[in-house]
Peer 1: 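Have a look at this one.
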2 protein chains.
Amino acid sequence: MVRMSAEERRESVIRAAVTEFARTGYKGTSTEAIARRVGVSQPYLFRLFPTKEAIFLAAAHRCLEETGKVFAKAVECAPPRGVLQAMAAAYDHLITEDPEKLQMQMQIYVAVASAEAAGDHEFGRTIRAAWLELWDGAHLALGGDVKETTRFLAKGMLINTLMSLGFPPDHRVWSGF
Amino acid sequence: MVRMSAEERRESVIRAAVTEFARTGYKGTSTEAIARRVGVSQPYLFRLFPTKEAIFLAAAHRCLEETGKVFAKAVECAPPRGVLQAMAAAYDHLITEDPEKLQMQMQIYVAVASAEAAGDHEFGRTIRAAWLELWDGAHLALGGDVKETTRFLAKGMLINTLMSLGFPPDHRVWSGF
DNA sequence: GCAGTAAGTTATTGGTCACTTACTTTGTTG
DNA sequence: CAACAAAGTAAGTGACCAATAACTTACTGC
């Protein structure tokens with residue numbers, strides 16, 4: 001048995017949580033499933049995080065943060081004229097290498113909506129702030145062009161949708177990209 | 001107490017199910033909540049539908065079908081040159097008048113992903129077929145222009161996302177539309 | 001008006017799940 | 001090496017939930 005510091009364990013819990021929540025959503029994921037993936041007993045999760053919701057929030061935040069980093073890095077390494085292409089390529093990379101992150105994003109969106117409908121506005125506020133950083137990052141990278149930012153993110157969201165629905169890569173719904 | 005035919009009850013169950021599932025998702029919605037909204041006892045749902053999943057499937061199908069009809073009607077009444085604007089206006093109408101339907105669509109997407117991850121491919125197949133009708137409808141209305149179809153649906157998906165996240169209408173993320 | 005059928009209910013059951021309590025194990029330090 | 005803290009577990013608890021079983025109520029045709 002490998003023993004870790006609480007901080008390291010929290011880190012692996014977050015990673016496991018992203019995977020599990022991405023696949024089965026907030027309500028559909030049991031803390032048991034997360035614990036199993038971490039390789040730790042289920043009650044121990046509640047010493048590392050106060051509630052299941054806190055785990056989800058941490059996972060959600062991490063996911064948006066890392067997605068932002070992927071774009072930031074793509075932009076950084078791109079020639080000034082090829083920013084849009086670089087970001088599109090980054091999205092492509094996410095689809096093939098890290099579909100988990102895109103799935104998690106979808107789960108975040110509906111989780112916020114549910115929380116909002118249930119009267120919990122704090123959760124939504126946190127997520128909106130994190131998402132805005134994504135938006136602002138794209139906006140800045142695209143030279144402050146709002147229309148282009150919207151177009152870019154819109155395409156991303158359609159990609160998320162088609163991914164969720166499980167359309168195979170050679171399907172005609174993908175042909176307009 | 002109002003008595004209805006089974007067919008009429010099924011109809012009201014579907015409507016209630018769309019509302020409830022839209023708000024709290026598949027796992028987050030109890031059959032009890034649906035029954036309460038219909039005004040009927042919870043076990044009676046299982047005389048009208050075999051399982052909870054069947055209720056969700058019926059609600060999902062209905063939602064996609066009606067969304068398709070909204071677009072079809074908008075296209076029908078539009079001048080030949082103004083099809084795109086008419087469809088955009090139809091989306092606008094959905095946002096303000098029927099956000100429930102957009103929320104339900106998000107719930108459908110993640111539900112398909114979860115089913116797919118759990119090894120159930122039948123559910124996804126059904127939903128993909130229904131969604132393809134939406135795609136083909138837009139594609140046909142836009143004169144077979146694949147790029148434009150993609151752009152249109154992409155914007156729609158970003159709208160769904162921003163709605164789910166609960167960004168107020170005057171927020172800058174809406175300014176690029 | 002009564003027999004049959006379709007609409008609807010109450011009570012229950014087996015299972016799952018977030019979270020708690022109380023305990024054990026392992027590393028560290030004076 | 002002893003004592004203390006930090007990592008971790010086993011065994012529950014109460015709440016909720018999909019689905020079933022068994023029963024009751026109202027309409028309808030003869």
Side-chain angles (χ1 to χ4, degrees), chain A residues 1-60 107 111 114-115 117-120 122-123, chain B residues 1-60 107 111 114-115 117-120 122-123:
Chain A
M1 166 141 358
V2 188
R3 235 153 134 116
M4 291 184 189
S5 76
E7 216 37 70
E8 287 172 311
R9 273 295 185 218
R10 247 185 287 268
E11 176 58 31
S12 30
V13 167
I14 290 175
R15 272 210 289 272
V18 168
T19 300
E20 292 294 332
F21 283 131
R23 287 187 193 171
T24 43
Y26 179 66
K27 288 276 184 179
T29 300
S30 66
T31 55
E32 173 64 38
I34 298 171
R36 203 164 35 234
R37 179 169 293 273
V38 176
V40 93
S41 71
Q42 178 261 351
Y44 190 51
L45 294 188
F46 291 88
R47 190 146 322 174
L48 301 173
F49 293 89
T51 59
K52 181 187 179 183
E53 198 183 313
I55 301 178
F56 185 82
L57 191 57
Q107 301 289 2
S114 293
D120 175 7
E122 193 47 39
F123 181 59
Chain B
M1 167 153 346
V2 188
R3 238 157 133 114
M4 290 184 190
S5 75
E7 217 35 70
E8 286 172 312
R9 272 296 185 218
R10 248 184 287 268
E11 176 59 31
S12 31
V13 168
I14 290 174
R15 272 209 289 271
V18 168
T19 300
E20 292 295 331
F21 282 130
R23 288 188 193 171
T24 44
Y26 178 66
K27 288 275 184 179
T29 300
S30 65
T31 55
E32 174 65 37
I34 298 171
R36 201 163 37 233
R37 180 168 292 273
V38 176
V40 94
S41 71
Q42 177 260 348
Y44 189 51
L45 295 187
F46 291 88
R47 191 148 318 176
L48 301 173
F49 295 88
T51 60
K52 182 187 178 183
E53 197 182 314
I55 301 177
F56 185 82
L57 191 57
Q107 301 289 1
S114 293
D120 175 7
E122 192 48 38
F123 180 60

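Here is the naming used below: chain letters follow the sequence lines, and residue numbers restart at 1 for every chain. Model, not experiment: these values are computed from the prediction.
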Peer 1: So which nucleotide from D:dG8, C:dC19, D:dA19 ends up closest to the side chain of B:Thr51?
Peer 2: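 Looking only at heavy atoms from C-beta outward on B:Thr51, the closest nucleotide is D:dA19.
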Peer 1: Distance check needed: D:dA15 C1' versus A:Lys27 NZ, whole Å only.
Peer 2: 12 Å
Peer 1: Considering only D:dA18, D:dT25, C:dA18, which nucleotide approaches the side chain of A:Gln42 most closely?
Peer 2: C:dA18
Peer 1: To the nearest angstrom, how far is A:Met4 atom CE from C:dT28 atom C1'?
Peer 2: 19 Å
Peer 1: Return yes if some donor-acceptor pair links the side-chain N/O of B:Lys27 with the main-chain N/O of A:Thr24 below 3.5 Å, else return no.
Peer 2: no
Peer 1: Between D:dT20, D:dA10, C:dT26, which nucleotide has the shortest distance from any of its atoms to the side chain of A:Arg3?
Peer 2: C:dT26
Peer 1: Would you call the rings of B:Phe56 and B:Phe123 parallel, tilted or perpendicular, where under 30° means parallel and over 60° means perpendicular?
Peer 2: tilted
Peer 1: Output yes when a side-chain donor or acceptor of A:Gln107 lies under 3.5 Å from a complementary backbone atom of A:Ala22, and no otherwise.
Peer 2: yes
Peer 1: Please check the phosphate of D:dC17 (OP1 and OP2 only) for any side-chain N or O of B:Thr31 closer than 4.0 Å.
Peer 2: no
Peer 1: Indicate, with a heavy-atom threshold strictly under 4.0 Å, whether B:Ser41 touches base, sugar-phosphate, or nothing.
Peer 2: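 Here B:Ser41 touches the bases of the nucleic acid.
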Peer 1: Rounded to whole Å, please give me the gap between CZ in A:Phe49 and C1' in C:dA18.
Peer 2: 16 Å
Peer 1: Write down the distance between NZ (A:Lys52) and P (C:dC17), rounded to a whole number of angstrom.
Peer 2: 8 Å
Peer 1: What is the distance, to the nearest angstrom, from the CG atom on B:Leu48 to the P atom on C:dA7?
Peer 2: 8 Å
Peer 1: Given B:Glu20, which partner from the list B:Arg15, B:Arg37, B:Arg36 fulfils the salt bridge (Lys or Arg N to Asp or Glu O under 4.0 Å) test?
Peer 2: B:Arg37
Peer 1: How close or far is atom C1' of C:dG8 from atom CD of B:Glu7, stated in whole angstroms?
Peer 2: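 Roughly 17 Å, once rounded to whole Å.
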Peer 1: Measure from the side chain of A:Ser5, starting at C-beta and using heavy atoms only, and say which of D:dT20, D:dA7, D:dA10 lies closest.
Peer 2: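 Shortest atom-to-atom distance from the side chain points to D:dA7.
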Peer 1: B:Met4 and side chain to side chain contact (heavy atoms under 4.5 Å, CB included): which partner among B:Glu11, B:Arg10, B:Arg9?
Peer 2: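 In the set B:Glu11, B:Arg10, B:Arg9, the residue that makes a side chain to side chain contact (heavy atoms under 4.5 Å, CB included) with B:Met4 is B:Arg9.
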Peer 1: Distance criterion of 3.5 Å, no angle test: do you see the side chain of B:Arg47 paired donor-to-acceptor with the base of C:dG8?
Peer 2: yes
Peer 1: Rounded off to whole Å, could you give me the OH-to-P distance for the A:Tyr44 and C:dT25 pair?
Peer 2: 16 Å
Peer 1: Between B:Phe46 (CZ) and C:dT10 (C1'), how many Å, whole number?
Peer 2: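 The distance from CZ of B:Phe46 to C1' of C:dT10 comes to 16 Å, rounded to the nearest Å.
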